[in-house]
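The structure displayed is predicted, hence computed values, not measured ones.
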Amino acid sequence: MSEARIDDRVLGTLHARILDWFSEHARDLPWRSATASAWEIFLSEVMSQQTPVARVEPIWREWISRWPTPFALADAPAGEAVRHWGRLGYPRRALRLHEAARAMVARHDGQVPTSYEDLLALPGVGEYTAAAVASFAHGDPQVVIDTNIRRVLVRAVEGRALPAPSLTARERAVAAAAMPSDREQANAWNAAVMELGALVCTARAPRCGDCPVLEICAWQRAGCPPDDGPARRGQAWHGTDRQVRGRILQLLRDTPSPVARDHLDTVWPQDPVKVDRCLAGLVEDGLVEPVEAGYSLPA
DNA sequence: AAGTCGTGGTG
DNA sequence: TCACCAAGACT
């Protein structure tokens with residue numbers, strides 16, 4: 001276990017300034033309401049994985065109203081979860097949410113589990129989501145580390161522009177050392193640092209003029225050196241399986257009845273072999289089901 | 001452990 | 001314009 005030490009005076013200032021900033025500037029997201037249920041918070045966390053929060057809200061409202069509890073979602077066909085996922089992206093998350101709801105019914109009396117370990121065991125829940133749900137839904141101050149928190153800490157504490165591609169032991173140690181010792185403050189801290197990263201300490205064009213900890217930011221004091229890491233690999237898109245899979249699913253979502261194999265070629269007419277491969281992948285993933293008349297969302 | 005998995009806003 | 005990136009998980 002590596003340890004990281006942050007100067008007590010610096011730490012005190014970080015806590016006070018960032019928590020104060022958060023109390024003034026936090027967006028009033030519906031899942032931050034004092035009356036939000038653990039299920040509502042759980043849904044918001046999975047929906048927010050790799051997805052801008054602004055796009056989550058309408059889908060989240062739709063899901064909450066349609067499936068207000070784990071029981072409700074567990075009773076629905078998996079395909080309905082995929083259908084109502086719409087264009088939020090990474091539709092396997094919808095499937096895993098459905099599996100998670102069934103796991104909650106099977107193993108947790110239909111409740112969102114409270115321990116980090118039980119949360120982590122759910123499908124679609126990794127380190128980040130388990131810690132976030134523990135902290136935000138249950139008031140258990142686990143160390144939350146998301147892309148925002150990584151960026152804020154690497155700048156404010158380490159003085160670098162951007163974190164490494166994958167999470168390091170050093171970052172875990174810094175994040176743990178940065179947590180306030182008070183339980184309530186620690187939970188607020190998790191949300192506050194994330195919010196600061198999302199609204200001010202952004203990846204592309206940080207609004208340092210609006211930053212509450214500008215004077216003690218190590219990156220600022222170092223003169224804002226540019227990222228020294230290797231160039232990031234851009235995500236290819238045009239003509240990839242991802243694009244074709246997306247089109248296939250969009251067609252199936254927008255069609256109530258099964259779709260014939262021939263009709264699926266219309267999503268990528270130049271290459272039926274690619275369509276075959278993507279279809280096989282989607283079936284393998286459980287997102288699509290072969291039926292007599294062709295293909296449909298899973299029952 | 002690097003690759004894969006959607007989608008849309010934006011600087 | 002277009003490459004980058006967004007409350008990651010999984011293999």
Side-chain angles (χ1 to χ4, degrees), chain A residues 22 26-27 29-32 40-60 82 85-97 99-100 119-137 142-153 161-168 171 175 187 189-199 201-207 227 229-253 267 277-278 281-282 284-288:
Chain A
F22 185 61
R27 293 167 290 183
L29 304 170
W31 47 87
R32 280 184 183 157
E40 291 171 348
I41 293 170
F42 180 82
L43 275 184
S44 80
E45 290 303 336
V46 174
M47 287 182 171
S48 298
Q49 291 166 1
Q50 291 286 285
T51 307
V53 164
R55 283 177 37 211
V56 168
E57 192 167 332
I59 305 292
W60 181 86
V82 176
W85 194 251
R87 303 184 62 79
L88 200 53
Y90 292 142
R92 289 190 286 202
R93 291 183 293 164
L95 223 44
R96 289 175 181 146
L97 232 20
E99 294 169 21
L119 286 163
L120 192 59
L122 294 170
V125 176
E127 272 183 55
Y128 162 74
T129 303
V133 172
S135 179
F136 303 147
Q142 296 291 321
V143 180
V144 174
I145 306 179
D146 79 321
T147 186
N148 291 305
I149 291 178
R150 293 185 66 200
R151 191 173 52 249
V152 171
L153 292 181
L162 293 173
S166 54
L167 187 59
T168 65
E171 286 183 270
N187 291 318
W189 172 256
N190 282 330
V193 181
M194 219 180 301
E195 191 78 338
L196 186 65
L199 298 183
C201 194
T202 56
R204 211 90 63 90
R207 302 162 170 80
D227 181 36
R232 314 173 112 60
R233 291 196 64 73
Q235 307 163 323
W237 178 244
H238 186 75
T240 60
D241 284 7
R242 284 164 103 166
Q243 182 181 23
V244 175
R245 285 168 57 107
R247 289 189 180 184
I248 292 172
L249 268 189
Q250 183 180 4
L251 179 55
L252 292 178
R253 278 195 313 262
V267 307
R277 184 176 66 244
C278 290
L282 288 167
E284 172 72 24
D285 291 344
L287 284 163
V288 170

For the student: nearest non-hydrogen atoms of A:Ile145 and A:Leu167, plus distance: CG2-CD1, 3.8 Å
Looking across every strand, which nucleic acid part, if any, lies under 4.0 Å from A:Glu127 by heavy atom: base, sugar-phosphate, or nothing? sugar-phosphate
Considering only the C1' atoms, how many Å lie between C:dC5 and B:dC5, rounded to the nearest integer? 15 Å
Using a strict cut-off of less than 4.0 Å between a Lys/Arg side-chain nitrogen and an Asp/Glu carboxylate oxygen, indicate whether A:Glu57 and A:Arg27 qualify as a salt bridge. no
Does anyone know the first and last nucleotide of DNA chain C in reach of chain A, 5' to 3', at under 4.0 angstrom to a heavy atom? C:dC4 to C:dC10
Residue whose nearest DNA chain C nucleotide is more 5′ - A:Arg55 or A:Arg92: A:Arg55
Is a side-chain donor or acceptor of A:Thr51 paired with a backbone partner of A:Gln49 at a separation under 3.5 angstrom? yes
Using atom C1' in both nucleotides, what's the gap between B:dG8 and C:dT1 to the nearest angstrom? 16 Å
Name the nucleic acid region contacted by A:Leu282, choosing base, sugar-phosphate or nothing; use a 4.0 angstrom heavy-atom cut-off, strictly under. nothing
Just to be sure I understand the rule, does A:Asp285 reach a base, reach only the sugar-phosphate, or reach nothing, if contact means heavy atoms closer than 4.0 Å? nothing
Which is true for A:Gly126 with a 4.0 Å heavy-atom rule: it touches a base, it touches only sugar-phosphate, or it touches nothing? sugar-phosphate
Please work out which residues in residues 40-53 of chain A have a non-hydrogen atom less than 4.0 Å from an atom of DNA chain B and list them by number. A:Gln50, A:Thr51
Once rounded to the nearest 0.5 Å, what's the spacing between atom CG of A:Leu122 and atom CZ of A:Phe42? 5.0 Å
Bounds of contact between DNA chain B and chain A, in 5' to 3' order, using a heavy-atom cut-off under 4.0 Å: B:dC5 to B:dG11
Can you tell me, in whole Å, how much space there is between the P of C:dA7 and that of B:dG3? 24 Å
Indicate, with a heavy-atom threshold strictly under 4.0 Å, whether A:Pro165 touches base, sugar-phosphate, or nothing. nothing
Mind checking if A:Trp31 touches a base, just sugar-phosphate, or nothing, with heavy atoms under 4.0 Å? base
Pairwise C1' distance, B:dA1 and C:dA9 [rounded to whole Å]: 14 Å
Just to be sure I understand the rule, does A:Leu88 reach a base, reach only the sugar-phosphate, or reach nothing, if contact means heavy atoms closer than 4.0 Å? base
